[in-house]
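Below is one structure, written out as structure tokens; comments come after it.
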Amino acid sequence: MKDQLRHIIETTLTQLIAQNSLPALTLPEIQIDRTKDKSHGDFACNVAMMLARSAKMNPRQIATLLVDALPETDFITKVDIAGPGFINFTLSADSAQQVVKTILAEGEQFGQSDLGAGQSVQVEFVSANPTGPLHVGHGRGAAYGSAVSSLLKAAGFKVHREYYVNDAGRQMDILATSVWLRYLETCGETFIFPSNGYKGAYVSTIAENLKFAHGDAFLAPTVDVFDGVVADEPAGGDKERHIDDLISNARRLLGEDGYRHVFDAGLNAILADIRQDLSDFGTDYDEWFSERSLMETGVVDDAIDALKKAEMLYEKDGAWWFKSTEFGDEKDRVVVRDNGQTTYFASDIAYHLNKYQRGFDTVIDIWGSDHHGYIPRVKASLTAMGKNADRLKVLLVQFAVLYRGSEKVAMSTRSGQFVTLRELRDEVGKDAARFFYVLRGADQHMDFDLELAKSQSNDNPVYYVQYAHARVCSVFRQLSERSLTWDKVEGEKQLTRLTEDHEQALLSMLSRYPEVINTAATNYTPHLLAHYLMDLARDFHTYYNAHQFIVEDQPLSQARLTLITAVKQVITNGLSVLGVSAPETM
RNA sequence: GCGCCUGUAGCUCAGUUGGAUAGAGUACCAGUUUCCGAAACUGGGGGUCACAGGUUCGAUUCCUGUCAGGCGCACCA
């Protein structure tokens, strides 16, 4: 509808210029906005004001010229000039009703567009280290990432959802060693567990399973395990060196195969848990991409070679540095350490090179906002390798602060005192959790009230929207109880009977849905959709309270049933994009 | 110290890419059921859009500065 208006205005303006009614000038982008106020019609255009300066004419004068020259159309009934020079359009009743037929005809497809024209987008999100269960911070990334993915898909993009598995690096070595130490404990060895190790109960569970499956195969005496190990911090030593020494002892005592076995036991168990957890949360991926594979297939070496060839690396203090300052970063960054090991950053350069090589038109990374300082160096590496860094979009997600009523829930990763995503799901449910997460802009700090999310009251926005859907279903249950039926064909014929203000408002709201999807998709802002659904639900509840749908007047009744069926469809579609269910009963 | 993000009603937050009289929810107050589900609806009060300049027909929105809060500044991941 906006496009049609835009087209008409554009052609009329060029016509006016051709007739010398307007001076020759380049036309600006024609903006068509929905009006905030019903008295201003349905759509407004500000082009007269935008042209006033370059045409050296009064905006109202331009508007008058334009309006007089506009051709007759069947979908516009009224054109007004208002305020400083706004041109307001009022839709004909017929074209306003048309949206209901469109919704019923397109069903689940309604709202989808070809805006993306099949361009491919890769969306990488969550990507938490597989060193423990996901917590509520990851939950927001999961809800946001999958909502953005669904939005892009609805807007006609080819979407590839990916989880980057950090299955290499020091943190994973710490996990492997933690598993091994717990395993030794189940074998009867006794020692003080390292302060920097992973102490969660899940580590012991993995160790017990290892013991069950392999008996004493990985056993080593405690004296050997702690041989030459620097004292731990509580004992007056250094906790980092303490754990690093334990790791190298583990490697030595277990041998390459044994160490890899223990390592993979930890990795696989936790990864399986994460996959299940995300799947239960309604977040699914097209690919789980292994960091280790980047090293094993030589992509990391390739990336380093590419940078060397481009003369973007130099050697200093035994390490290889990337000249990221040449691209606006604060300082140069190490990619190969003096001990020959590549850094996490080197893997990430390789990973992004690989993403580009796979040919995605756009690459989206969704990170916790605490990683924002990382953006310049990743973009720098892409530029240095001759890639267009603008194809990479990094979206940041702020952490959510949990509240129970007005009480802040204490959380700290260090003490291991975090609320897991699974606990959140168990407490408030998948639907409420997802909806709450996407209710706010991702870059906004967010207060997540557990009490509110699980309350079955009018305070809770999730239920508010779902209830609107259930209410429509309930009306149809009532209909069949009275042995009546809904006749779609008849209903569509009678749409002209929808003349009440509430019905007009609903029609207008329904027609906005495709625009909301496109705006939310292009801006990566699912919260716009969440808010739209609340607005739609409110218009519906208001309508419900003001009017009966099942009435004696059969044509009217059919028209109303047709309208609320369209409402039900749009709520279903919108909630589905957000990964929230649309229940028939509450 | 430098960089990024944020500052809108008592509280939690929107604000259609610069538009008309700045909006919801919640809380508070007052109402609505012989009627399809009251998990709903109607009405009311509540604002220096942090502050000060600038850009223009027009600024909550864009630019600069100040103040306040969050985060980040590793040969960790």
Side-chain angles (χ1 to χ4, degrees), chain A residues 31-37 39-40 44 46 49-50 52-53 58-59 82-86 88 129 131 166 168-172 174 240 291 316-321 328-331 333-339 341-345 347-348 368-376 396 398-399 403 406 439-441 443-449 452 455-464 466-468 470-479 481-482 512 515-516 519 522-523 527-528 530-532 534-535 537-538 540-551 560-561 564 585-586:
Chain A
Q31 281 181 44
I32 308 288
D33 292 317
R34 294 232 171 220
T35 54
K36 283 184 208 160
D37 191 329
S39 67
H40 296 138
N46 61 0
M49 276 129 68
M50 293 176 77
R53 190 177 178 73
N58 181 317
F86 288 104
N88 293 333
N129 279 348
T131 52
N166 293 115
R170 183 163 172 270
Q171 292 307 316
M172 285 306 296
I174 294 176
E240 303 294 346
E291 179 186 2
K316 194 184 88 179
D317 303 331
W320 284 91
W321 298 70
D329 197 7
E330 295 166 354
K331 54 174 290 190
R333 311 289 174 174
V334 170
V335 288
V336 185
R337 280 182 263 174
D338 56 6
N339 64 8
Q341 278 191 334
T342 53
T343 59
Y344 171 85
F345 180 42
S347 295
D348 237 13
S369 62
D370 54 335
H371 284 68
H372 67 77
Y374 206 70
I375 300 171
L396 299 175
Q398 291 279 354
F399 290 123
Y403 284 82
S406 56
L439 205 47
R440 310 296 179 215
D443 55 352
Q444 287 288 336
H445 302 264
M446 180 176 104
D447 290 349
F448 192 128
D449 187 346
L452 182 59
S455 74
Q456 303 201 346
S457 75
N458 51 355
D459 306 351
N460 193 330
V462 194
Y463 288 108
Y464 188 78
Q466 288 183 323
Y467 181 44
R471 256 187 160 173
V472 176
C473 297
S474 174
V475 171
F476 280 90
R477 280 195 297 274
Q478 188 62 224
L479 192 69
E481 269 174 40
R482 298 189 202 172
R512 275 184 55 203
E515 294 163 27
V516 171
T519 309
T522 49
N523 295 310
H527 73 273
L528 293 182
H531 283 269
Y532 167 83
M534 289 168 68
D535 290 343
R538 184 180 45 247
F540 171 76
H541 286 309
T542 302
Y543 180 39
Y544 182 99
N545 277 56
H547 299 283
Q548 287 279 117
F549 307 147
I550 303 172
V551 289
R560 288 182 171 171
L561 291 170
I564 65 171
T585 56
M586 303 291 290

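Hydrogens, waters and symmetry mates play no part in the numbers below; they use all other heavy atoms, side chains included. Since the model is a prediction, treat every value here as computed from it, not as a measurement. Below, read A as the first sequence line, B as the second, and so on, with proteins coming before strands; counting in each chain starts at 1.
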Output a table of nitrogen or oxygen pairs between the protein and nucleotides 30-33 of chain B separated by less than 3.5 Å.
none

Using a cutoff of under 3.5 Å, can you pull out all pairs of nitrogen or oxygen atoms linking the protein to nucleotides 54-56 of chain B, with atom names and distances?
none

Query raised in the report: With sequence neighbours excluded, what pairs up with A/Glu291 under the salt bridge (Lys or Arg N to Asp or Glu O under 4.0 Å) test?
Result: none
Query raised in the report: Once Watson-Crick and G-U wobble pairs under 3.5 Å are found, how is RNA chain B written in dot-bracket notation, 5' to 3', with | for any base paired to another strand?
Result: (((((((..((((.....[...)))).(((((.......))))).....(((((..]....))))))))))))....
Under 3.5 Å, which protein N or O atoms sit close to an N or O of nucleotides 16-18 of chain B? Give each pair with its distance.
from	atom 1	to	atom 2	distance (Å)
B/U17	OP2	A/Asp33	OD1	2.6
B/U17	O4	A/Asn523	OD1	2.2
B/U17	O4	A/Asn523	ND2	2.9

Report task. Please determine, for the side chain of A/Asn88, which listed nucleotide (B/C36, B/A20, B/U42) has the closest atom? Result -> B/A20
Requested in this report: Return the set of residues passing salt bridge (Lys or Arg N to Asp or Glu O under 4.0 Å) with A/Arg477 (not counting sequence neighbours), or none when no residue passes.
Outcome: none
Query - Per A/Met49 side chain, nearest of listed nucleotides B/A20, B/G19, B/C5 - result: B/G19
Query raised in the report: Which part of the nucleic acid, if any, lies within reach of A/Ala44 when heavy atoms closer than 4.0 Å are counted: base, sugar-phosphate only, or nothing?
Result: base
Report task. Using salt bridge (Lys or Arg N to Asp or Glu O under 4.0 Å) as the criterion, list what pairs up with A/Asp535, not counting sequence neighbours. Result -> A/Arg538
Report task. List for me each residue that meets ring-ring contact (aromatic ring centres under 6.0 Å, His included) alongside A/His541, sequence neighbours excluded, and say none if there are none. Result -> A/Tyr464, A/Tyr467
Query - Contacts of A/Phe476 that satisfy side chain to side chain contact (heavy atoms under 4.5 Å, CB included) - sequence neighbours left out - result: A/Val472, A/Leu479, A/Trp486, A/Leu561, A/Ile564, A/Thr565
Query raised in the report: What is the per-nucleotide protein-contact pattern of nucleotides 72-77 of chain B, from the 5' end, where B denotes a base atom under 4.0 Å from a protein heavy atom, S denotes such proximity for sugar-phosphate atoms only, and - denotes neither?
Result: BS-BSB
Query raised in the report: Can you name the residues that form a salt bridge (Lys or Arg N to Asp or Glu O under 4.0 Å) with A/Arg34, not counting sequence neighbours?
Result: A/Glu515
What protein N or O atoms touch nucleotides 10-14 of chain B N or O atoms at under 3.5 angstrom, if any, and at what distances?
from	atom 1	to	atom 2	distance (Å)
B/U12	O2'	A/Arg440	NH2	3.2
B/C13	OP1	A/His445	O	3.1
B/C13	OP1	A/Asp447	N	3.3
B/C13	O2'	A/Arg440	NH1	2.7
B/A14	OP1	A/Gly441	N	3.0

Query raised in the report: Would A/Asp37 and A/Ser39 count as having a side-chain donor-acceptor pair, cut-off 3.5 Å?
Result: yes
